[in-house]
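For reference, the structure is listed below as structure tokens.
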Amino acid sequence: MDLNLSSEEEAFRQEVRRFLQAKLPVWLSDKVREGRRLSKSDMEYWHATLNEQGWLAGHWPREHGGAGWAPIQTFIFELECAGAHAPRVVPFGVSMLGPVLIKYGSKAQQQYWLPRILDGSDWWCQGFSEPGAGSDLASLRTSAVREGDHYIINGQKTWTTLGQYANMIFCLVRTSSAGKPQEGISFLLVDMDSPGIDIRPIITLDGEHEVNEVFFSDVRVPAANLVGEENRGWSCAKYLLTYERTNIAGVGLSTAALQRLKLIAAYCHKNGRPLAEDPAFAARLAHLEIELDNMRTTSLRVIANVAAGGSPGEKSSMLKIRGTELRQQISALTRRAMGPYARPFQLDLQGVDNHGSESAAIGPDGADVAATEYFNLRKLSIFGGSNEIQKNIISKMILGL
């Protein structure tokens with residue numbers, strides 16, 4: 001893949017490749033490549049490995065413990081990690097809360113929370129969506145009432161990803177009902193071990209416990225955990241969501257998935273010939289490759305704008321739409337290419353070593369998880385603000401409609 005890199009950027013890419021070759025264990029990259037479940041310890045291992053290298057928060061400024069990378073370096077790093085089948089860093093602390101604290105947090109909050117994100121002392125989860133307040137996030141009803149030096153929280157959050165592992169949650173809460181809905185929302189940091197918090201699992205279509213419901217009943221939170229100003233948390237939320245949506249686009253993940261699909265098409269046969277030589281299949285594969293090239297170019301344009309002092313802004317909505325649609329299309333075509341090997345989800349086969357099995361004979365391992373991955377990726381066009389909502393944002397902010 002030719003990115004037309006400068007000599008300095010190419011040198012950085014080679015440095016990343018050497019690091020991945022030296023520090024990414026085969027057992028871990030195999031799990032990612034085959035679509036196997038990653039345990040909490042797997043995710044923590046890679047988090048700690050990147051932190052030791054000083055690359056965990058590449059996009060953070062150096063004064064806050066980051067690597068101070070330029071946007072193109074972050075882009076290169078994510079592409080190379082995806083190509084090497086490295087785990088994605090759990091984003092809630094590093095990629096979401098961290099930038100919010102750097103922009104809106106107090107000096108004391110930055111000095112306390114940012115190092116704890118980096119060293120893994122805190123595992124963060126996100127408390128945004130509620131029943132009846134998903135894409136229409138401003139209609140949230142979880143309340144926080146100020147009593148002296150504390151806020152008292154009551155309400156419910158849902159779709160809390162990996163909340164079963166978290167000891168901290170950043171929440172949007174309603175601190176006022178006056179004026180526009182967005183004007184009465186605040187951004188709070190909450191200890192998950194606080195009395196009155198109840199977390200309940202939601203089992204998704206693929207049989208996974210990935211998301212949760214979180215209930216708050218008279219939960220006391222120190223007022224010092226308010227980020228930014230009271231009733232001005234919507235600014236924090238919008239800023240955070242631009243990072244989340246850009247991250248969801250997953251150019252590197254789509255690139256790695258497309259490479260895997262090409263391998264599958266070379267191994268699988270139709271009428272005695274490789275599937276890649278079937279005209280109808282080859283046309284669909286070429287269409288995906290063209291779309292991925294287009295999205296990569298758009299991402300680089302956004303990166304160039306950020307490097308010039310801009311921000312992703314509403315362009316993050318464009319990346320989120322195309323990125324999620326493309327990943328879904330690749331997973332759907334992968335499942336079709338595998339045919340009977342992409343057998344339906346079977347819980348008892350998850351985590352089973354299929355090396356040497358008939359399903360592994362098609363080439364890439366992990367054929368048994370193709371359907372599981374397909375079902376799981378249906379969520380991409382919904383979370384982070386549904387794609388329909390992103391189209392509304394584009395219509396208003398870019399097209400002026």
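What you see is a predicted model; the values in this text were computed from it and never measured.
- The closest side-chain donor-acceptor pair between S39 and D42 falls under 3.5 angstrom.
- Listed by first then second residue, pairs satisfying side chain to side chain donor-acceptor pair (under 3.5 Å) with a partner in residues 114-125 read R116-D122, D119-S121, D122-N167, not counting sequence neighbours.
- Because its NZ or CZ atom is not both nearer than 6.0 Å to the ring centre of F281 and within 45° of the ring axis, K270 does not count as a cation-pi partner of that residue.
- Side-chain contact check for W69 versus W60: every heavy-atom pair is 4.5 Å or farther apart.
- The environment of K396 atom NZ is sparse: at most 12 non-hydrogen atoms of other residues, nucleotides or ligands sit within 6.0 angstrom.
- From I169, atom CD1 reaches atom CD1 of I153 across 9.0 Å, with rounding to the nearest 0.5 Å.
- Side-chain polar atoms of E210 and N376 form a donor-acceptor pair below 3.5 angstrom.
- A distance-only check finds a donor-acceptor pair linking the side chain of Q109 to the backbone of S106 [under 3.5 Å].
- For S139 against A133, the heavy-atom pair with the smallest separation is OG-CB, 3.5 Å.
- In this structure, L188 CG and C171 SG are separated by 7.5 Å, a value rounded to the nearest 0.5 Å.
- Atom NZ of K379 is surrounded by more than 12 heavy atoms from other residues, nucleotides or ligands within 6.0 Å.
- Contact check on E10 versus R13 returns a salt bridge, with a Lys/Arg side-chain nitrogen under 4.0 Å from an Asp/Glu carboxylate oxygen.
- With sequence neighbours excluded, the residues that form a side-chain contact (heavy atoms from CB on, under 4.5 Å) with A237 are F128, L172, W234.
- Side chain of N51 to backbone of L118: a donor-acceptor contact under 3.5 angstrom is found.
- With no hydrogens or angles considered, a side-chain donor-acceptor pair links Y151 and E230 at under 3.5 Å.
- Taken from CZ in R327 to CZ in R322, the straight-line distance is 13.5 Å, to the nearest 0.5 Å.
- Residues E229 and C236 fail the side-chain proximity criterion, which asks for heavy atoms closer than 4.5 Å.
- T255 and R296 share a donor-acceptor pair across their side chains, judged by distance under 3.5 Å alone.
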R273 vs D278, salt bridge (charged side-chain N to carboxylate O under 4.0 Å, His left out): CA-CA, chis, key distance, verdict: CA-CA 8 Å; R273 302 179 65 185; D278 177 73; over 6 Å; no
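- Q390 contributes no side-chain N or O that, together with a main-chain N or O of I321, makes up a donor-acceptor pair within less than 3.5 Å.
- With salt bridges taken as basic N to acidic carboxylate O contacts below 4.0 Å, none links R335 and E373.
- At least one side-chain heavy atom of E289 sits less than 4.5 Å from a side-chain heavy atom of K262.
- A distance-only check finds no donor-acceptor pair linking the side chain of H150 to the backbone of G148 [under 3.5 Å].
- Atom CZ in R220 sits 4.0 Å away from atom CD1 in I152 (nearest 0.5 Å).
- Looking at every heavy atom in both residues, A276 comes nearest to A282 through O-CB, 3.5 Å.
- Between the CG atom in L20 and the OG1 atom in T49 there is a gap of 11.0 Å [rounded to 0.5 Å].
- The stretch residues 123-146 participates, sequence neighbours left out, in these salt bridge (charged side-chain N to carboxylate O under 4.0 Å, His left out) pairs: E130-K157.
- Not a single donor-acceptor pair under 3.5 Å links the side chain of T160 to the backbone N or O of G163.
- Annotation for E52: atom CD does not count as buried by contact number, only 12 or fewer foreign heavy atoms lying within 6.0 Å.
- Relative orientation of the Y104 and Y239 rings is perpendicular, given thresholds of 30° and 60° on the angle between their planes.
- Few gaps surround CH2 on W55; more than 12 heavy atoms of other groups in view lie less than 6.0 Å from it.
- For residues 181-203, the set of pairs meeting the side chain to side chain donor-acceptor pair (under 3.5 Å) definition, not counting sequence neighbours, comprises T175-S186, D198-R200.
- Formation of a donor-acceptor pair under 3.5 Å by the K320 side chain with backbone atoms of L380 is found in this model.
- The salt bridge (charged side-chain N to carboxylate O under 4.0 Å, His left out) analysis of residues 55-79, with sequence neighbours excluded, yields no pairs.
- The closest side-chain donor-acceptor pair between N387 and T324 falls under 3.5 angstrom.
- You'll find the side chain of P87 reaches within 4.5 Å of the side chain of L24, heavy atoms only.
- Side-chain atoms of R174 do not come within 3.5 Å of backbone N or O of V145 as any donor-acceptor pair.
- In this structure, R284 contributes its side chain and A280 its backbone to no donor-acceptor pair below 3.5 Å.
- Contact check for V100 versus V227: side-chain heavy atoms found under the 4.5 Å cut-off.
- Under the 3.5 Å distance criterion, with hydrogens and angles disregarded, a donor-acceptor pair is assigned to the side chains of Q328 and S381.
- L97 is not listed as a side-chain neighbour of F92, based on a closest heavy-atom distance of 4.5 Å or more.
- Side-chain atoms of H85 never come within 3.5 Å of backbone atoms of A256 as a donor-acceptor pair (strictly under, hydrogens ignored).
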Trace of the ring pair (Phe, Tyr, Trp, His ring centres under 6.0 Å) decision for W113 with F170: CA-CA 12 Å; W113 296 111; F170 53 88; over 10 Å; no
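- Here the side chains of I264 and M338 are in contact, with some heavy-atom distance below 4.5 Å.
- Sorted by first and then second residue, the salt bridge (charged side-chain N to carboxylate O under 4.0 Å, His left out) pairs with a member in residues 14-25 read R17-E80; sequence neighbours excluded.
- Here the side chains of V94 and I117 are in contact, with some heavy-atom distance below 4.5 Å.
- In terms of modelled atom types and a separation under 3.5 Å, the side chain of K31 and the main chain of L38 share no donor-acceptor contact.
- The structure places CG of L326 at 11.0 Å from CG of L253, a figure rounded to the nearest 0.5 Å.
- No side-chain donor from either of Q73 and E9 sits under 3.5 Å from a side-chain acceptor of the other.
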